Structures are given as structure tokens and as C-alpha cells.
Amino acid sequence: MNKELEHSFVTNLEQNQNIVHKVCRIYTSDPDSHNDLFQEITIQLWKAYPKFRGDAKFSTWMYRVALNTAITLYRRSKRSLRTTDIDAIDFKIKAEEYDDEEEQQLKLMYAAVKQLNDIEKALVFLYLEDKSYKEIAETMGISEVNARVKMNRVKTKLKKILNP
């Protein structure tokens with residue numbers, strides 16, 4: 001690959017790497033799995049980058065590749081091994097006005113999201129990223145109406161998980 005393409009990829013990845021970290025956080029439960037998934041997503045992004053046409057924003061394309069990679073690996077690993085408990089993830093917020101209640105709510109939310117299936121996790125993730133239903137539909141390859149319907153069902157499911 002040429003240097004210009006490589007530079008473009010690295011620049012885009014650096015600017016948007018938080019997307020990959022967020023996807024990793026939803027689909028993994030420990031730092032080693034997070035790092036492995038981050039690496040695998042990066043590899044898949046690199047492999048697919050020459051085909052990136054720019055029809056969508058780079059970040060939208062990146063969400064799609066990252067989620068598809070995570071879902072594929074999640075389905076594969078689900079058959080063979082269990083992940084560690086949610087407590088293994090460090091949710092500490094390094095700020096002076098640190099609020100333990102917020103951390104506890106985040107842990108509960110992540111624990112609830114981990115009980116969802118892989119597609120539902122992706123929907124919640126994109127929704128929490130403030131993506132429009134149009135962007136969610138585009139990223140997941142479904143219709144906008146279908147995205148709304150699925151999201152409403154997931155919200156109901158999460159409410160039942162969080163308030164049994």
C-alpha cells in the first residue's frame with residue numbers, strides 16, 4: 001500500500017479510536033480481551049480501508065466494521081469460553097468532583113447491556129453515542145423504521161433487566 005493511504009488510515013484511526021474502545025468495552029469484560037478485540041478491529045479496519053469509498057463518514061464506516069468484527073468474534077467466543085465479571089473493568093473517573101453514584105449506575109448499565117444479544121448491544125451502543133436512527137440504520141444495514149422498532153424493544157428489555 002502506498003504511504004499516502006497508510007498516513008490517511010493512521011490519521012483517521014487516531015482521530016476516531018475512541019469508537020473502537022467503546023465497542024470493545026461493550027463486548028469484553030477484561031483488559032486482555034479488550035486489547036485483543038481492539039487489535040482485531042484495527043486489523044479488519046486496515047484490511048477494509050482500501051475499499052472505503054467515502055460514501056459515508058469515516059466514523060460511520062468505522063462503527064460498522066468495528067461492530068461487525070466484535071459481533072463475529074462475540075458469537076465465536078460465546079461458543080467456547082466465558083468472560084470475567086463486569087467488576088474487572090475499571091470505571092474510575094479521574095476528576096475532582098468524582099461521583100461514586102454515577103460509577104455505580106454505569107456499572108449497572110454495562111451489566112444490563114452485557115445481558116443483551118449482540119445486535120441489541122450494537123443498537124444500544126449507537127443510541128448512547130447519540131447517533132440518529134438514520135445513522136443507526138445505515139451503520140447496521142437495516143431500515144430506519146426497523147432501527148426504531150428494535151430500539152424500543154431493547155429499551156423495554158433494559159427496563160425489565162434494571163427494574164425486575
Side-chain angles (χ1 to χ4, degrees), residues 8-9 11-30 33-86 89 91 102 104-164:
S8 171
F9 173 77
T11 301
N12 278 318
L13 181 62
E14 285 175 350
Q15 290 171 351
N16 295 281
Q17 68 178 312
N18 281 341
I19 292 170
V20 179
H21 283 297
K22 289 173 185 175
V23 170
C24 292
R25 186 180 300 145
I26 285 182
Y27 286 92
T28 63
S29 297
D30 63 84
S33 296
H34 180 107
N35 291 338
D36 288 348
L37 182 55
F38 186 91
Q39 183 177 16
E40 185 59 33
I41 290 171
T42 303
I43 291 167
Q44 294 307 317
L45 286 166
W46 174 244
K47 284 181 181 177
Y49 192 67
K51 295 178 199 110
F52 174 63
R53 298 182 310 269
D55 296 343
K57 291 191 299 189
F58 178 82
S59 60
T60 302
W61 174 80
M62 188 179 204
Y63 276 114
R64 186 173 212 152
V65 173
L67 287 168
N68 285 339
T69 302
I71 288 168
T72 301
L73 292 176
Y74 173 80
R75 285 181 176 163
R76 237 184 263 146
S77 70
K78 201 172 178 185
R79 290 183 223 134
S80 59
L81 60 108
R82 292 291 302 151
T83 56
T84 58
D85 191 26
I86 185 80
I89 298 176
F91 284 101
E102 186 177 329
Q104 296 309 316
Q105 289 176 343
L106 270 175
K107 281 186 179 181
L108 287 172
M109 182 59 142
Y110 273 103
V113 169
K114 286 194 181 289
Q115 293 179 44
L116 301 174
N117 71 39
D118 47 1
I119 301 300
E120 293 168 338
K121 284 179 185 178
L123 274 167
V124 169
F125 171 70
L126 292 168
Y127 182 81
L128 292 175
E129 288 289 295
D130 286 330
K131 297 296 174 192
S132 69
Y133 283 109
K134 182 178 184 212
E135 290 172 300
I136 291 171
E138 184 179 306
T139 301
M140 298 195 62
I142 58 178
S143 72
E144 191 173 337
V145 171
N146 196 353
R148 287 179 189 277
V149 169
K150 285 180 180 284
M151 192 63 226
N152 284 329
R153 288 182 184 150
V154 172
K155 285 178 187 176
T156 302
K157 192 172 180 178
L158 280 173
K159 284 177 189 171
K160 286 179 182 172
I161 292 169
L162 291 168
N163 304 305

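All values reported here derive from a predicted model rather than from experimental measurement.
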> What's the verdict on side-chain contact (heavy atoms from CB on, under 4.5 Å) for W61 and V65, showing C-alpha distance, side-chain angles and the deciding distance?
Replying inline: CA-CA 6 Å; W61 174 80; V65 173; 3.8 Å; yes
>> With side-chain contact (heavy atoms from CB on, under 4.5 Å) as the criterion, how do N12 and L45 come out once you've worked through the C-alpha distance, each side chain's angles and the decisive distance to 0.1 Å?
In response: CA-CA 11 Å; N12 278 318; L45 286 166; over 6 Å; no
> Under the side-chain contact (heavy atoms from CB on, under 4.5 Å) criterion, do N35 and Q39 qualify, and how do the steps go?
Replying inline: CA-CA 6 Å; N35 291 338; Q39 183 177 16; over 6 Å; no
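Going from atom CD1 of I71 over to atom CD1 of I119 covers 4.0 Å, rounded to the nearest 0.5 Å. Atom NZ of K121 is separated from atom CG of L67 by 11.5 Å, given to the nearest 0.5 angstrom. Here NZ of K47 is found 9.5 Å from OG1 of T69. Values are rounded to the nearest 0.5 Å. Note: M109 CE to L158 CG = 5.5 Å, rounded to the nearest 0.5 Å. With values rounded to the nearest 0.5 angstrom, N117 atom CG is found 9.0 Å from L123 atom CG. Taking CE from M62 and CD from Q15, the interatomic distance works out to 10.0 Å, rounded to the nearest 0.5 Å.
R148 pairs by the salt bridge (charged side-chain N to carboxylate O under 4.0 Å, His left out) definition with E144, not counting sequence neighbours. Evaluation of the side-chain hydrogen bond (donor to acceptor under 3.5 Å, both in side chains) rule for N68 yields no partner, not counting sequence neighbours. Residues passing the side-chain hydrogen bond (donor to acceptor under 3.5 Å, both in side chains) test with K157, sequence neighbours excluded: E120. Remark: T60 pairs with no residue by the side-chain hydrogen bond (donor to acceptor under 3.5 Å, both in side chains) rule, at least two apart or across chains. Applying the side-chain hydrogen bond (donor to acceptor under 3.5 Å, both in side chains) rule to E138 yields no partners; only residues at least two apart in sequence or on another chain are considered.
Side-chain contact between L126 and M140 is present, with heavy atoms from C-beta onward closer than 4.5 Å. Between Y27 and L73 there is no side-chain heavy-atom pair separated by less than 4.5 Å.
The only member of L37, D118, V113 that meets side-chain contact (heavy atoms from CB on, under 4.5 Å) when paired with I26 is V113.
The main-chain N or O of C24 is found under 3.5 Å from a side-chain atom of T28 such that the two form a donor-acceptor pair.
Counting only residues at least two apart or in different chains, side chain to side chain donor-acceptor pair (under 3.5 Å) contacts with residues 123-133 comprise K22-E129, Y63-E129, Y127-K155, S132-E135.
Using bins of under 30°, 30° to 60° and over 60° for the plane-to-plane angle, the ring pair F38/H34 lands in the parallel bin.
Between V23 and A66, the shortest heavy-atom distance links the atoms CG1-O, 3.9 Å.
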